[in-house]
Structures are given as C-alpha cells and as structure tokens.
Amino acid sequence: MLTLNRGLVLEFKLQAIACLTLLITAINNNKRMLFTKDIFSFKAVNIFILGLMMATTSFSQSKSIIRMGATDTHSFDEGWVFTRYGLQPDGSRTDEPQNLESVSLTDGAWQKVSLPHDWGITGPFRIELEGATGKLPWKGIGWYRKHFTLKAADAGKQIFVDFDGAMANAKVWLNGHYVGRWPYGYNSFRMDLTPYIKFGKENVLAVRLDTENWDSRWYPGAGIYRHVWLVKTNQVHVANWGTYITTPEVSDASATVKMDVTIDNQSKSTVNASIQTDILELDKNNKRGAKVTSFNKSIVEIKAGGSTPIAIKAIVTNPKRWDIVSPNRYVALTTVSVNGKVVDSYKTPFGIRTIEFTARNGFLLNGRRIEIQGTCNHHDLGALGAAINTSALRRELTILKDMGCNALRTSHNPPAPELLELADQMGFLVWDEAFDCWKHGKRKLDYNKLYEEWHEKDLKAMVHRDRNHPSVFIWSIGNEVMDQRDVAMTKHLAGIVRGEDPTRPVSNGYNDPDGGREVGAVEALDIMGVNYFFGQQPKWDADPRYSNKPTIGSETSSCVSSRGEYFFGNEYQNWQISSYDNAYPGWGCSPDEQFRTNAKYPHLLGEFVWTGFDYIGEPTPYNSDETNLQNFRDDPEKKKELESKLDEIRKKNPPSRSSYFGIVDLAGFPKDRFYLYQSHWRPDYPMAHILPHWNWAERVGQITPVNVYTSGDEAELFLNGKSLGRKTKTPGKDFRLTWDSVRYTPGELKVVCFKNGKQWATDVVKTTGEAAKLILSADRTVIKADGDDLSYITVNVIDKDGLMVPRSHPIIKFSVEGPGEIVATDNGDATSFVPFQSHERPAFNGMALVIVKGKKGQKGEFSIKAESAGLVVATLEMEGK
C-alpha cells in the first residue's frame, strides 16, 4: 500500500499545477490518500503516475501563446513611463496639467513601468472606499508615455499599435498628434500610427486613461492592463482580424474549411494581389506540424485606399477535431503577394469541430452530448489585480480543469486574448460576453454612457477578434441588463452578432427570465440564459414560442464561504462565512439544490456557477451595492427586505474587500466546495473529502456535524476507529452525505466510500498538534528568467508530524536570495488590508501564498525563505532559465 500523508506529500517537488493541486488538497485537510488494491487496481496506479507525467508536460509554462495576426508583430510592453493625476491613492487630488501628450514634455521623473500594468492594485486598501470595487483606489487619471525609434528601412510601411485592453476611456497621441480613442476598457483595439510616425527618429506615444469617469460593480482594474503590440505591414496586407474560418461540413473522412480573407490596400494605386493560404497542424506546444492542405491561389483587384474580401474553400482529409478532451488545432498561414513579391503574411489558429444545441437533447460537441459544467469568472487575477499574466491564468484554468470544469463564462465582458488562447489549448468551452448593461445603466457612469455611439463597434470588435477560436461556442450580448425586456433592442444586438458570425448561437443572461420570455424578447435569442430563477421552467418549456429553445443556467448557485471557517448555528460571523456550503444570498441556492434542478430538468444544457474563483470586489453578503436589488425586480417583499439589509451594511461599513462566491479562494486554494463540484462533475474519479477539520478543543462533547463529498454512492464514517454508520445517496437528490449528530472527540475521522458495492475511495482528517514549522511547495521550481513567468509557492503551517494546523494564523515574512523577486503575497482572507505587494503576511487558516519570478535576463538559482516567530524556517530552491 502506498500512503501519502500530509507531511510527505509536500516533500514531492511536483512541477505540474494539476498534480500539485491534488496533492496539496490532501495536505490542506489533514488527510491521507490511500491507494490500495481494493480501491485502485495496479493499472489505475500506473495511470495515475502517467497522469502526473502528462500533466507536467501538457501544462508546462514553456508553451508559447500563438496569436492571430500579422507575423511582423512585436511586443510593445517595455520602456513605458507612467504618472497619475486626479484622484490619488490616499484620497487627495492632483490637478492634471495641459499638453501631457507633447513631444517636448520632460517625463524623466515619471515612474518606469512594464506592461501589463494595473495602477489600482498597489492600493492602499481604504476602509471608506467601496467594498463593491475592492476598497482599492482605482479611480484616477493615468498617463503613459513611450519613447521609441523605428529604423529608417521601415519607411513606407504601415505602422499600427494594438491594445489588448486599456481601462478606461483610452485616448492615444503620437508625436503630439491625436490618433484616436476607445472608451470601453475591456475591448481590444488598433490605432494607425502611420500618418504621424517618424522613421529613423525618436517617436513619443502617449496614452491617457480616465477611470474617474467609469463606474463598475466589481474591481475593474486601471491602466494598460493587457499587452500592447507594434505591428508592421506593407501597404497591401490582410486587414486587422481580417480572416474568418468556419467548418460547415465535418466527418471522420473530411472537413470542409471555408475562409473569408479581407485585404486592405493603403497605397495610392490599384493593385492586383495574389493570396495563398496553407493549413498546417498545430501541436500542443503551438509548434507547426505537417501541412494538411492548401487553398487555391486567388487573384484579386484592390482599389487604392480600399478593401477587398475573398471567400475560399479547401478540404482537410481525416481531420483531427477540436474537443474538450483532445483540443486539436490547426493554423492557416496566409501570404499576400504583389508583382511576385510577398508583401504580407498572416497566421490564423483555428479548430475543426461541430456544435449543435437542442431543446431536448442538450449540447452536442462533435455529435457527442456534453453537459456544460461551467464557471463564471471576473477578469482579475487575485493579488496581481487586473494585469494579465499567462502563467497565472494557466494556473487558474488548470485548477478548474482538475475540478471537472469544462466551460468558462467571461463575466461580464470580452476577455483577454490569452484566456481564449489557453481555452483553445486546454479544451474549455467559452461563453464570450459583451456587456453588463445596455442603454440603461446599473451605475451612473457605466456602459450606458457609451451605448449609443459604441455598442455596434464594440460588439463587432469582440466577434471579429474571437470568432476563429474553437473554444468560443456561445456569444452573449449581456448580463442582467436593465433593458432585458426590450424586444427591439434585443433583436438589434443579436442581429449585429449574427451579421458577423452566424455559426454560433446568441444568448443573454436573464435575472428576470420570466419577464423576458413573457414579452417575447427571448424569441430574438438562440439560447435562453437563466440566472438563478428556474421556478417556472415547465411553463416555458410548454410555451410554443420556447418549446424548441435550448436553455442553460447562465449563472447559478452563488453559494458563499470562507476557506477553513466553520460556524455552528450562524453561517455568518466576523465578516467570514461558514464553509459548510449552505450559505447563499436570497437569489441563490446551495450547489446541491442546483444539482437537483439540473436533474429535474435533464434537457437543460448545464450551468455556469457563480463563481469559479473569488475575485476583488462584490463581497456579498457584506456588500452594500444597490444593484443587487435588481435580482428582485418582480418581488417587492424580498426587494424591501434586501434594501433594509443593504442599509444596515452601509452603516457598519464592513472590511470585506473581495468576494466569497468562489469555489476557489483569491489565493487559488480550493475551498470545500471544490470537492463537492469535483464529486459531481467527475463521477468516474475516485475521491472523498471530509469537512470540517478536526481541531475543536472548545467543542469536546458537543455536536459537530460532519459532511462527506464523494464520487461514490455510499460511505461509512469512523471516529477513532468506531463506526458512526453507513449512508447511501439517493440519485438526483443527495450530493453529499451528512452525519449531523457527531459529538466532537479529538483524534481521527476516517471515511470509507463505496461505489456499486465496491470500495472506491477513502479520506482521513486528524486532530493536529501545535504549529511547529513552515513548509513550502511550488507549482514549478524552474521558470523562465524573463521577468514575466511566475511560480506560485504555497506555505503550509504544520505540526511536528507534518499535518497542517487549520486554525493557525502566524505572521510570515518572505525573502529572496539570488536573481529572483517577490511579486505578491496572499492568503485568501477577504477581509485582509495587507497590501498584496507586502513581503509579510499572516497565514489564513494554516495557509499563505507567495508569488515569485526570476529577474529578467538574470539566469540562475535563487531561494525563497519563509519565517515566523517560534516556527522552523522553510526554504525552497528555484531556478530561472
């Protein structure tokens, strides 16, 4: 028998996040994972070991991201300077001078920054600021400037700058000349620098952002928080997002690939251009493989200053389909030639797959029914704020994948391009969402101020950028918008999307699903998105207007909890929430209840849980944001009750600054709920999880309920070797097993789970001793020395026997020796005002996190040290390559 207990597990230097999550999970709950002949066959053990090896390879951070676009594209993230006017972090105000875009301006004293950059995340947290947006000082006016020189040989080329996202109200100047603006901070956009560029001389690019005139219901970040790219093309080139690939006919023998290509001619004369496209395989590391087919060459005439679209078609034999299990991809390489000379090349990653949505048989991917097991997620990355980082995002998706999540909802805005690129690589389905409001806002300065001028531009930008991603399977035009009963507006927005991509369905997330269906607005949609309220689902299933309309839980549960906190008799204490997973706001329900709803209506497509990860802001139930009232727009009684609660919260001014909704906390540590979803979403994965922890010295002899989450169908619980009874799940009704009359006695809780009458999985939780030492474990101990690749290091407070001490909160000090840096720290506590950049932080219920990177260009070994008074120091060796 191979036994991995809490102390031993952490000694393994695993480099794969997926495997690390599984092993640390055992540690975090004072557990042993037992692999016996009764539970697993030797073949299963071999598969487990193989899984470790595969995860190490498959989720290696060495995998590059492949972007759609011109091949002469360069990162433009380095060498910026930044300063801030208007509202300052301490609440004071600094007047904004004039002419900050001027070339003659001296900016040597400005702060040097690399992008992506979020000026709000550095804080400080301030108690008087809104909990809804994280109690962070993100509102202000930010200026960025970059000095750069292009070689004289580039003269005659078109020069563009592509912003993946800038929060918010972006205005751009080059060499003092106004270039343009894009106010919606979540969309990607391009600016043409060509008219004002100086070749062979210094240029000054200036960007002004204004978040004082932007309102949000959650923490949106502030600044140029996504990547920026410099793009060079010749005057004749593929347009921005100028390729569109569909696969209308797919079989095992062949796939028809249709491709629309738009060619721009920015010269002063008409040209005849030759367009040639080859399709190559793309491996899991984004390396190009064999060529599988080519499109016939096309010759097109393009007028001066004009654009010409072409439509081409090719056949791929024996196609490798994109799927959530095997996310195979291809890349189309397009070259444009004029007078026999190649003037442009453009790459388009894509996948071959079929999607079908039915009202009675659910969602079909490549003809196979897939239950949507999704999570909603806001865009921040915890301690990093809104600033995008690929290794951080990959870690999040890997944790979700391990839980059994197969779909992501980009709540409530277009995501960073990296999220879709990773979803393509890792096999996630994506609900790609545009807006949180339309013409009528939820806050004074939200998208309602942009709607009239920008909604069509923003919708088209999202669809054009994202429509070649095989992971994107649903477009969403909104979330709980105030206009959700507006029939004409719904038709208008859905029509814009279908005009750009008719191959995917259009949906909308309704928190007034009955009202939207009653007036007929939902008739304009392809899929009905229900947020929470399924009470009248049978009525609408029988309505002739909607009997063939597929329906999905676009937002479900909203269960709230704090990792490692367990309360008896009252779910809410000390601004924390009990982790028995039975707490939720008035519009929500427990995960179990949503599972019952899904079982009751098996024709539903599935669900998107609110939320996968905790996020900064919206600390419901300690959130006084009045937009929550909209969940009860048709229930005056509940609305009045919530109004009273919101008023009470405002008076108390809670310290809560991040959400409690997450299945995983802000630091990336799974809460108990993680295992409840894993037990349901991965029914063939042998697992068991006991809660709560078993350190209750003050409760000796008192009833302390025990819950077990397991993918098995029955279980027997033991306390210090004595059976407390065997319990069985009722299919469609029970999703946890409970022993509600257990009287606390220190020692060992053990559960043995069964499936189909055979032993399936086991779990053990023990009473621990006093905290004795710290132990560190990294998701990866070898990272790139590029200043961007991150390692996430978990700190556990353990006793002399290596068991994590669950109710320990020692202050931990972190330090680095060698060519490494501490980027941020966290512990998952939603009430902590310790800055994320601090090198000193208390543990929260036995755990803390330190995020490190290698210094750019400085390869070599470095060490991380964690120390706390009275505890044995922990060190971990890292290497930057």
Side-chain angles (χ1 to χ4, degrees), residues 66 68 241 243-261 277-284 286 288-296 298 310-334 347-372 374 406-408 420-432 463-475 497-507 526-527 548 550 552 605-606:
I66 181 166
M68 178 176 72
W241 304 326
T243 58
Y244 174 37
I245 296 177
T246 59
T247 55
E249 299 172 13
V250 179
S251 70
D252 291 342
S254 67
T256 299
V257 180
K258 289 181 64 179
M259 185 173 185
D260 295 339
V261 184
T277 298
D278 298 326
I279 296 179
L280 286 71
E281 291 182 346
L282 199 60
D283 75 8
K284 63 185 179 183
N286 285 321
R288 300 174 191 171
K291 183 170 75 172
V292 297
T293 194
S294 296
F295 293 87
N296 291 331
S298 300
I310 64 167
I312 51 181
K313 186 185 294 187
I315 302 296
V316 174
T317 58
N318 303 315
K320 297 178 181 179
R321 302 191 199 199
W322 184 92
D323 194 274
I324 58 174
V325 176
S326 52
N328 298 300
R329 292 166 300 137
Y330 296 88
V331 61
L333 302 179
T334 301
K347 57 185 180 295
T348 310
F350 71 100
I352 296 173
R353 51 101 174 110
T354 62
I355 56 175
E356 183 182 357
F357 299 81
T358 72
R360 291 293 174 261
N361 196 33
F363 167 64
L364 306 180
L365 176 63
N366 298 318
R368 177 171 58 97
R369 178 166 183 175
I370 301 292
E371 184 83 10
I372 303 305
N406 62 19
L408 311 167
L420 299 182
E421 290 154 5
L422 287 172
D424 289 348
Q425 287 183 30
M426 298 173 67
F428 283 94
L429 297 160
V430 176
W431 165 299
D432 203 343
V463 175
H464 289 176
R465 189 197 69 173
D466 298 347
R467 62 188 176 183
N468 290 316
H469 287 281
S471 57
V472 174
F473 78 134
I474 297 173
W475 300 116
V497 175
R498 291 193 190 100
E500 308 308 312
D501 176 32
T503 70
R504 295 173 176 87
V506 180
S507 192
D526 303 301
I527 291 175
N548 290 315
I552 190 169
L605 304 178

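Numbering starts at 1 and runs along the sequence shown.
- The salt bridge (charged side-chain N to carboxylate O under 4.0 Å, His left out) pairs that include a residue from residues 465-475 number zero, where partners must be two or more places apart or lie in different chains.
- A donor-acceptor distance shorter than 3.5 angstrom exists from the side chain of Ser251 to the backbone of Ala253, with no hydrogens or angles considered.
- With Ser507 contributing its side chain and Ile527 its backbone, the two residues share a donor-acceptor pair below 3.5 Å.
- Checking side-chain atoms of Asn406 against main-chain N and O of Phe428 turns up no donor-acceptor pair under 3.5 Å.
- Pairs engaging residues 355-364 under the salt bridge (charged side-chain N to carboxylate O under 4.0 Å, His left out) rule: none recorded [sequence neighbours left out].
- Listed by chain and residue number, Asp424 satisfy the side chain to side chain donor-acceptor pair (under 3.5 Å) test with Ser471 (two or more places apart in sequence, or in another chain).
- Here the OG1 atom belonging to Thr277 is positioned 4.5 Å from the CE atom belonging to Met259, to the nearest 0.5 angstrom.
- In terms of the ring-ring contact (aromatic ring centres under 6.0 Å, His included) criterion, Phe295 has no residue partners (sequence neighbours excluded).
- Under the rule for a ring-ring contact (aromatic ring centres under 6.0 Å, His included), the partners of Phe363 that lie at least two apart in sequence or sit in another chain are Phe357, Phe473.
- Residue pairs meeting the salt bridge (charged side-chain N to carboxylate O under 4.0 Å, His left out) criterion with at least one partner in residues 315-325, sequence neighbours excluded, are Asp252-Arg321, Glu281-Lys320, Asp323-Arg368.
- By the ring-ring contact (aromatic ring centres under 6.0 Å, His included) test, Trp322 pairs with no residue at all, sequence neighbours left out.
- When the side chain to side chain donor-acceptor pair (under 3.5 Å) test is applied to Asp432, no partner is found at least two apart in sequence or on another chain.
- Considering only residues two or more places apart in sequence or on other chains, Asp278 meets the side chain to side chain contact (heavy atoms under 4.5 Å, CB included) condition with Gln276, Leu280, Lys291, Ser294.
- Residues forming a side chain to side chain contact (heavy atoms under 4.5 Å, CB included) with Arg369 (at least two apart in sequence, or on another chain): Asn361, Leu364, Glu371.
- Within the 4.5 Å cutoff, the side chain of Gln425 has no heavy atoms near those of the Pro327 side chain.
- Thr243 places none of its side-chain heavy atoms less than 4.5 Å from the side chain of Phe350.
- Taking the side chain to side chain contact (heavy atoms under 4.5 Å, CB included) definition, one finds that Thr293 meets it with Ile279, Ala314, Val316, sequence neighbours left out.
- Nearest heavy atoms, Pro550 versus Asp526: CD-O, 3.5 Å.
- Shown here are the ring-ring contact (aromatic ring centres under 6.0 Å, His included) partners of Tyr244, two or more places apart in sequence or in another chain: there are none.
- At least one side-chain heavy atom of Leu333 sits less than 4.5 Å from a side-chain heavy atom of Arg288.
- The structure places CD1 of Ile66 at 7.5 Å from CZ of Arg329, a figure rounded to the nearest 0.5 Å.
- For the atom pair NE2 of His469 and OG1 of Thr348, the computed distance is 10.5 Å after rounding to the nearest 0.5 Å.
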